[in-house]
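Side chains included, hydrogens not; waters and symmetry mates left out as well; all remaining heavy atoms used. The structure presented is a predicted model; accordingly, all values stated were derived computationally and were not measured. Quick note: residue numbers are just sequence positions, from 1.
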Amino acid sequence: MATDVTLADFTTPDLVVPRLQGRDTSSVVQELSAVLQRSGCLPDLLPFYHAALNREFLGSTAVAPGWALPHARIKGLAKVVFALGRADEPVRWGGRDSHPVRLVFLCAVPETDATGYMTLLGGIARCQQAPAPSEGLLNAPDARAMFKILKTVPLRPLP
């Protein structure tokens, strides 16, 4: 019997930041990278931060409805994990043609785990398209409530 897998299986309440302090792409990526590192999810902060930021500047990951999905592949990482940040006001995301975003899913991906990462992206897409979790993440009062919403977003089972 397979266990239900949800978006919450790729994060923890400690990795959810309901009030981002950063006001641009680089400061938000730095803030969420630091959260991942403090929680023991990253072996080294700077290489991950630089890889995620460089990847973001090659092509923005901002998508409707005001979400960004920056990511980086990391050697030696055990599993796919993400930190979720929410801004009170839209953050300029990207370069000159910036897009305003309020939710940022910063994903740390093992160098060779395409399946886990694609599963996570599918769940994030499902969350974006469903009004209840999408609006819930924007309106939840705190990190625990946001995490609880992530538990309601089912993913296809991992092999």
Side-chain angles (χ1 to χ4, degrees), residues 5-12 14-130 133-135 137-138 143 146-147 149-150 153 155-156 158-159:
V5 180
T6 69
L7 272 182
D9 291 311
F10 290 92
T11 194
T12 67
D14 294 340
L15 297 176
V16 178
V17 180
R19 287 195 171 71
L20 288 167
Q21 300 302 305
R23 301 304 309 148
D24 59 27
T25 304
S26 58
S27 61
V28 169
V29 170
Q30 188 281 326
E31 186 176 346
L32 292 175
S33 295
V35 167
L36 285 165
Q37 202 272 331
R38 275 194 306 271
S39 294
C41 299
L42 296 178
D44 198 358
L45 173 73
L46 284 178
F48 176 78
Y49 166 74
H50 287 290
L53 196 58
N54 287 337
R55 165 62 192 85
E56 195 60 35
F57 286 133
L58 286 174
S60 176
T61 61
V63 295
W67 294 18
L69 312 169
H71 62 280
R73 293 190 177 278
I74 300 296
K75 186 176 185 172
L77 195 62
K79 65 178 186 167
V80 178
V81 64
F82 72 88
L84 171 60
R86 180 181 67 197
D88 289 333
E89 297 293 324
V91 172
R92 289 184 49 194
W93 198 263
R96 190 181 324 189
D97 298 327
S98 66
H99 300 281
V101 302
R102 289 209 41 223
L103 289 174
V104 179
F105 290 79
L106 177 61
C107 305
V109 183
E111 196 171 48
T112 59
D113 186 2
T115 303
Y117 182 52
M118 294 309 290
T119 300
L120 172 60
L121 286 180
I124 292 171
R126 197 169 288 115
C127 185
Q128 279 179 302
Q129 296 164 358
S134 184
E135 291 171 18
L137 289 174
L138 289 172
M146 290 173 74
F147 183 76
I149 291 165
L150 296 173
V153 181
L155 309 180
R156 66 174 173 78
L158 293 170

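Across all non-hydrogen atoms, the minimal contact from Val153 to Pro133 is CG2-CB, 3.9 Å. Contact between Leu106 and Ala52 at its shortest, heavy atoms only, is CD1-CB, 4.0 Å. Gly85 approaches Leu20 most closely through the heavy-atom pair C-CD1, 3.5 Å. Across every non-hydrogen atom of Leu137 and Cys127, the tightest pair is CD1-SG, 3.7 Å. The shortest heavy-atom contact between Pro70 and Trp93 is CG-CZ2, 3.8 Å. Leu53 approaches Ser26 most closely through the heavy-atom pair CD1-CA, 3.6 Å.
In terms of the side-chain contact (heavy atoms from CB on, under 4.5 Å) criterion, residue partners of Arg86 (sequence neighbours excluded) are, by chain and number, Pro18, Arg102, Leu103, Ala140, Met146. Residues satisfying the side-chain hydrogen bond (donor to acceptor under 3.5 Å, both in side chains) criterion with Tyr117, sequence neighbours excluded, are His71. By the side-chain contact (heavy atoms from CB on, under 4.5 Å) test, Ser134 is found to be paired with Pro65, Trp67, residues two or more places apart in sequence or in another chain being considered.
Among residue pairs with one or both ends in residues 14-29, those qualifying as salt bridge (Lys or Arg N to Asp or Glu O under 4.0 Å) are Arg19-Asp88; sequence neighbours excluded.
In this structure, CG on Leu7 lies 10.0 Å from CZ on Phe147, to the nearest 0.5 angstrom. Atom CZ of Arg126 sits about 11.5 Å away from atom OG1 of Thr6, to the nearest 0.5 Å. Distance check, rounded to the nearest 0.5 Å: CG of Leu15 to OG1 of Thr12 gives 3.5 Å.
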Residues 72-82, side-chain donor-acceptor partners within the protein, below 3.5 Å, at least two apart:
residue, atom, partner, partner atom, Å
Arg73, NH1, Pro110, O, 3.4

Side chains of residues 32-44: which donor-acceptor pairs under 3.5 Å do they make with residues two or more places apart or in other chains?
residue, atom, partner, partner atom, Å
Ser33, OG, Val29, O, 2.7
Ser39, OG, Val35, O, 3.2

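The closest donor-acceptor contact from the side chain of Glu31 to the backbone of Gln21 lies under 3.5 Å.
A donor-acceptor pair shorter than 3.5 Å can be found between the side chains of Thr61 and Glu56.
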Self-check item: Candidate pair Phe10 and Leu155, rule side-chain contact (heavy atoms from CB on, under 4.5 Å), full reasoning
Solution: CA-CA 11 Å; Phe10 290 92; Leu155 309 180; 3.2 Å; yes

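By the 4.5 Å heavy-atom criterion applied to side chains, Leu84 and Thr11 are not counted as neighbours. Taking the side chain as every heavy atom from C-beta outward, Val101 and Val28 never approach each other to under 4.5 Å.
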